[in-house]
A.B. asks: 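Have a look at this one before I ask anything.
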Amino acid sequence: MKITELSPQYSVSPQVSTQDIPELKRLGFDVVVNNRPDGESEDQPSSEEIQSAVESAGLRYVYNPINLSQLSSTEVSAQNELIQSEDKVFAYCRTGTRSSVLWVLARHNDDVSFNQLFAEVAEKGFDLNRCLPAMQPLIK
């Protein structure tokens with residue numbers, strides 16, 4: 001499991017397995033957010049499988065699946081509520097990119113420019129350039 005910290009309270013990762021959940025608890029995460037729609041690949045664990053493991057570990061599970069071609073302010077707002085909470089949030093998708101997109105879109109109104117956040121995420125290894133068409137309508 002490759003975890004990338006975007007802020008002290010918010011980290012992202014590629015797809016996790018049920019075996020990864022105890023490590024997330026050990027690392028102090030409070031909430032696990034699944035930003036990956038079910039059925040993207042045959043080897044992907046279902047949201048129900050991950051939810052069961054997360055809740056068995058005593059953590060909160062949130063399913064906020066993202067399809068970049070249909071991204072709306074609804075998904076961004078849901079993620080922003082978690083980002084603004086005091087909980088330590090772990091978000092994942094297939095590669096971590098969609099979870100990073102949501103972080104940038106949710107935070108760019110917080111006295112931090114979109115370009116600065118975009119660059120920070122790039123420095124952490126996420127190329128969001130291909131996501132810009134989906135992000136543009138949500139940049140204020």
Side-chain angles (χ1 to χ4, degrees):
M1 178 173 51
K2 181 184 180 235
I3 299 173
T4 303
E5 184 180 279
L6 298 184
S7 73
Q9 180 266 341
Y10 186 85
S11 297
V12 299
S13 171
Q15 178 68 56
V16 295
S17 71
T18 56
Q19 292 82 14
D20 295 322
I21 304 308
E23 178 67 4
L24 296 177
K25 181 165 177 89
R26 189 190 72 73
L27 292 171
F29 288 100
D30 302 301
V31 180
V32 175
V33 184
N34 178 357
N35 293 133
R36 188 173 188 194
D38 277 337
E40 283 190 324
S41 67
E42 290 185 25
D43 63 341
Q44 168 188 354
S46 71
S47 58
E48 291 83 15
E49 290 174 288
I50 299 295
Q51 180 177 7
S52 178
V54 167
E55 291 175 351
S56 292
L59 304 174
R60 183 172 158 220
Y61 176 82
V62 175
Y63 186 53
N64 187 23
I66 303 304
N67 179 333
L68 284 175
S69 67
Q70 299 170 352
L71 184 61
S72 74
S73 60
T74 302
E75 293 90 5
V76 175
S77 293
Q79 205 88 356
N80 190 40
E81 283 183 33
L82 297 165
I83 291 167
Q84 297 299 324
S85 75
E86 294 184 16
D87 292 331
K88 187 172 178 182
V89 178
F90 172 85
Y92 74 92
C93 54
R94 187 178 68 80
T95 65
T97 300
R98 285 174 279 191
S99 298
S100 298
V101 162
L102 290 169
W103 183 79
V104 169
L105 289 172
R107 296 237 12 260
H108 83 277
N109 291 323
D110 294 348
D111 299 325
V112 183
S113 77
F114 175 84
N115 291 335
Q116 180 182 343
L117 293 167
F118 194 89
E120 284 179 27
V121 169
E123 288 174 12
K124 305 258 180 159
F126 295 101
D127 181 3
L128 303 185
N129 284 306
R130 69 177 178 83
C131 306
L132 273 173
M135 297 172 79
Q136 287 293 346
L138 300 169
I139 300 170
K140 297 177 182 167

A.B. asks: With sequence neighbours excluded, what pairs up with Thr18 under the side-chain contact (heavy atoms from CB on, under 4.5 Å) test?
C.D. replies: Glu49, Ile50, Ala53
A.B. asks: Taking ring pair (Phe, Tyr, Trp, His ring centres under 6.0 Å) as the cut-off, I'd like each qualifying pair that reaches into residues 70-93, sequence neighbours left out, listed once.
C.D. replies: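 Ring pair (Phe, Tyr, Trp, His ring centres under 6.0 Å) check on residues 70-93 returns Phe29-Phe90.
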A.B. asks: Can you tell me how far CE of Met135 sits from CZ of Phe118, rounded to the nearest 0.5 angstrom?
C.D. replies: 6.0 Å
A.B. asks: Search all heavy atoms of Ile3 against all heavy atoms of Ser11 and return the closest pair with its distance.
C.D. replies: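 Between these two residues, the closest heavy atoms are CG2-CB, 3.6 Å.
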A.B. asks: Once side-chain hydrogen bond (donor to acceptor under 3.5 Å, both in side chains) is applied, do any residues pair with Arg130, and if so which ones, sequence neighbours excluded?
C.D. replies: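 By the side-chain hydrogen bond (donor to acceptor under 3.5 Å, both in side chains) rule, Arg130 matches no residue at all.
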A.B. asks: State which residues pass side-chain contact (heavy atoms from CB on, under 4.5 Å) with Glu81; sequence neighbours excluded, sorted by chain then number.
C.D. replies: none
A.B. asks: Sequence neighbours left out, what passes side-chain contact (heavy atoms from CB on, under 4.5 Å) with Ser56? Give chain and number order.
C.D. replies: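 Testing Ser56 for side-chain contact (heavy atoms from CB on, under 4.5 Å), a comparison that skips the adjacent residues, returns Ser52.
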A.B. asks: Could you pull out all residues at least two apart from Asp30 that satisfy side-chain hydrogen bond (donor to acceptor under 3.5 Å, both in side chains)?
C.D. replies: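 For Asp30, no residue satisfies side-chain hydrogen bond (donor to acceptor under 3.5 Å, both in side chains) once neighbours in sequence are set aside.
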A.B. asks: Not counting sequence neighbours, which residues clear side-chain hydrogen bond (donor to acceptor under 3.5 Å, both in side chains) with Ser47? List them please.
C.D. replies: Asp38
A.B. asks: Could you give all pairs that pass the salt bridge (Lys or Arg N to Asp or Glu O under 4.0 Å) test and reach residues 112-128, with sequence neighbours left out?
C.D. replies: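 Sorted pair list comes back empty.
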A.B. asks: I need the minimum non-hydrogen distance between Asp87 and Val31, along with the two atoms involved.
C.D. replies: OD2-CG2, 3.6 Å
A.B. asks: Does Glu55 have any side-chain hydrogen bond (donor to acceptor under 3.5 Å, both in side chains) partners at least two apart in sequence or in another chain, and if so, which?
C.D. replies: Gln51
A.B. asks: Keeping to residues at least two apart or across chains, list the ring pair (Phe, Tyr, Trp, His ring centres under 6.0 Å) pairs with something in residues 64-85.
C.D. replies: none
A.B. asks: Following the transitive rule for hydrophobic clusters with a side-chain heavy-atom cut-off under 4.5 Å over Ile, Leu, Val, Met, Phe, Trp and Tyr, establish whether Ile83 and Leu71 coincide in one cluster.
C.D. replies: yes
A.B. asks: Do the side chains of Leu82 and Val12 join up, straight or via other hydrophobic residues, at under 4.5 Å, putting them in one cluster?
C.D. replies: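 Both belong to a single hydrophobic cluster.
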A.B. asks: Consider only side-chain N and O atoms of Ser113 and Asn115, and report whether a donor and an acceptor are under 3.5 Å apart.
C.D. replies: no
A.B. asks: Out of curiosity, Met1 CE to Asp20 CG, how far, rounded to the nearest 0.5 Å?
C.D. replies: 4.5 Å
A.B. asks: So which atom in Leu138 and which in Ser73 form the shortest heavy-atom distance, rounded to 0.1 Å?
C.D. replies: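 Distance-wise, the nearest heavy atoms are CD2-N, 3.6 Å.
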A.B. asks: Output the distance between atom CG (Asp43) and atom CD (Gln15), rounded to the nearest 0.5 Å.
C.D. replies: 8.0 Å
A.B. asks: For Glu40, enumerate each residue passing the salt bridge (Lys or Arg N to Asp or Glu O under 4.0 Å) test, keeping only those at least two apart in sequence or located in another chain.
C.D. replies: Arg36, Arg98
A.B. asks: Sorted by first residue and then second, give each ring pair (Phe, Tyr, Trp, His ring centres under 6.0 Å) pair with at least one member in residues 54-74; sequence neighbours left out.
C.D. replies: none
A.B. asks: Kindly say whether Pro133 contributes a backbone atom to a donor-acceptor pair with the side chain of Gln136 at under 3.5 angstrom?
C.D. replies: no
A.B. asks: Could you measure the distance from the OG atom of Ser85 to the CG atom of Asn80? Nearest 0.5 Å is fine.
C.D. replies: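 Between atom OG of Ser85 and atom CG of Asn80 there are 10.0 Å.
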